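In what follows, residues are counted from 1 in the order of the sequence shown. Because the structure is a prediction, the values reported are computed rather than measured.
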Amino acid sequence: MWWLAFLVADWTGAGSCRPCHAAMFGGHAHYSALAKPDPQPRPHEPFRRGPYSLRIDGARARGWTPTESIDLPIDWAFGSGRQAVTYVSRVDSNWYFEHSLSWFPATRSFGLTPGHAGREPKDLKEAAGLLYRATDPQHGIAGCFECHATGPVSFDKDGAVRFREAGVQCEACHGPGSAHIATSRV
């Protein structure tokens, strides 16, 4: 009946795995698949998308034309940084915004986020990125967090995302660890 204990187990966090599994701790690419953005800007020229100029400056995303501008704080950086890092902002309690610029370490430059090429933006907002509902079951941002974070994903009344740990940690694949820890110490 060990499996029954697993079903009602609590999430313990990757730190509780480290004492027994130190050699595997934090060693895979997905460990850092979700993080807060680096507040330090990377020097770069604005990215031009037709008449629109776009720039990621540390934890802020900016877009402009001669007559209008957008300036949003960045809440999340998706990706370990080995392939790319894509930036996301929470707009309000129902919407998140995926920025059209991602950082690509191989070229040490910003480029269009995968899935954004081939779209012809009609205005600055469309040039800057895509809106996603927080909890849409097919196309919501919740699915992104479910793959890039550990533990159940939910949103509070203000739309802030909640999960156990950022990144794909031990329990994302192995399940809540309290039952394993309890039986391993016997």
Side-chain angles (χ1 to χ4, degrees), residues 28-65 68-155 158-169 172-173:
H28 59 84
H30 293 102
Y31 179 77
S32 57
L34 179 67
K36 289 294 188 178
D38 183 351
Q40 297 302 314
R42 292 182 174 104
H44 66 92
E45 292 297 313
F47 185 88
R48 305 263 189 246
R49 190 167 186 197
Y52 312 107
S53 297
L54 305 171
R55 185 178 196 125
I56 302 288
D57 286 323
R60 297 206 72 81
R62 295 180 168 94
W64 65 92
T65 69
E68 61 182 328
S69 65
I70 292 175
D71 184 347
L72 285 171
I74 297 171
D75 295 300
W76 295 102
F78 282 78
S80 68
R82 293 184 185 181
Q83 298 290 324
V85 176
T86 297
Y87 302 95
V88 171
S89 297
R90 179 168 53 105
V91 177
D92 61 27
S93 61
N94 295 308
W95 295 94
Y96 278 73
F97 190 78
E98 179 186 68
H99 295 278
S100 64
L101 289 187
S102 288
W103 174 254
F104 295 92
T107 59
R108 300 188 50 76
S109 65
F110 285 92
L112 284 179
T113 296
H116 288 245
R119 291 180 32 252
E120 286 301 321
K122 296 180 208 89
D123 58 26
L124 178 58
K125 288 178 187 173
E126 284 187 13
L130 296 170
L131 278 171
Y132 288 94
R133 281 199 178 276
T135 57
D136 181 306
Q138 290 189 348
H139 305 291
I141 200 77
C144 302
F145 283 107
E146 287 168 357
C147 287
H148 286 263
T150 300
V153 172
S154 63
F155 296 87
D158 296 323
V161 66
R162 301 283 179 236
F163 46 79
R164 178 67 181 126
E165 290 181 281
V168 181
Q169 308 299 327
C173 297

Side chain to side chain contact (heavy atoms under 4.5 Å, CB included) evaluation trace for Arg162 with Phe155: CA-CA 6 Å; Arg162 301 283 179 236; Phe155 296 87; over 6 Å; no
Side chain to side chain contact (heavy atoms under 4.5 Å, CB included) between Trp76 and Lys36, intermediate numbers included: CA-CA 5 Å; Trp76 295 102; Lys36 289 294 188 178; 3.8 Å; yes
Trace of the side chain to side chain contact (heavy atoms under 4.5 Å, CB included) decision for Phe163 with Thr150: CA-CA 6 Å; Phe163 46 79; Thr150 300; over 6 Å; no
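The shortest heavy-atom contact between Pro51 and Thr65 is O-CG2, 4.0 Å. For the pair Pro121 and Ala127, the tightest heavy-atom approach, listed with the atom from each and the gap, is CB-N, 3.4 Å. For Tyr87 against Leu101, the heavy-atom pair with the smallest separation is CD1-O, 3.6 Å. Listed here is the closest heavy atom pair of Gln138 and Asp136: N-OD1, 2.8 Å. When all heavy atoms of Pro37 and Asp75 are compared, the pair lying nearest together is CD-O, 3.5 Å. Across every non-hydrogen atom of Ala117 and Leu112, the tightest pair is CA-CD1, 3.9 Å.
Residues Phe47 and Ile56 form no side-chain contact, since every pair of their non-hydrogen atoms from C-beta on lies 4.5 Å or further apart. The closest side-chain heavy-atom distance from Arg119 to Arg49 is below 4.5 Å. At least one side-chain heavy atom of Leu54 sits less than 4.5 Å from a side-chain heavy atom of Ser100. Using a 4.5 Å heavy-atom cutoff, the side chains of Tyr132 and Val88 are not in contact. Residues His44 and Arg55 are in side-chain contact: their nearest non-hydrogen atoms beyond the backbone lie under 4.5 Å apart. Residues Arg90 and Ile141 are not in side-chain contact: their nearest non-hydrogen atoms beyond the backbone lie 4.5 Å or more apart. Side-chain contact between Thr86 and His99: absent, with no pair of heavy atoms (C-beta onward) separated by less than 4.5 Å. Side chains of Trp64 and Pro46 form a contact here, defined as non-hydrogen atoms less than 4.5 Å apart.
With a 6.0 Å radius and a threshold of 12 heavy atoms from other residues, nucleotides or ligands, Gln83 has its CD atom at or below the threshold.
For the pair Asp123 (side chain) and Lys125 (backbone), a donor-acceptor distance under 3.5 Å is present. In this structure a side-chain-to-backbone donor-acceptor pair under 3.5 Å is missing from Ser80 to Ser32. Side-chain atoms of Tyr96 come within 3.5 Å of backbone N or O of Gly159 as a donor-acceptor pair. Although no hydrogens or angles enter the test, the distance criterion places no donor-acceptor pair under 3.5 Å between the side chain of Asp57 and the main chain of Arg60.
Separating the CH2 atom in Trp103 from the CG atom in Asp38 is a distance of 10.5 Å, to the nearest 0.5 Å. Once rounded to the nearest 0.5 Å, the distance linking OG1 of Thr135 with CH2 of Trp95 reads 10.0 Å. Atom CD in Glu45 sits 12.0 Å away from atom OG in Ser109 (nearest 0.5 Å). Annotation: the span from Ile74 atom CD1 to Phe97 atom CZ amounts to 10.5 Å, rounded to 0.5 Å.
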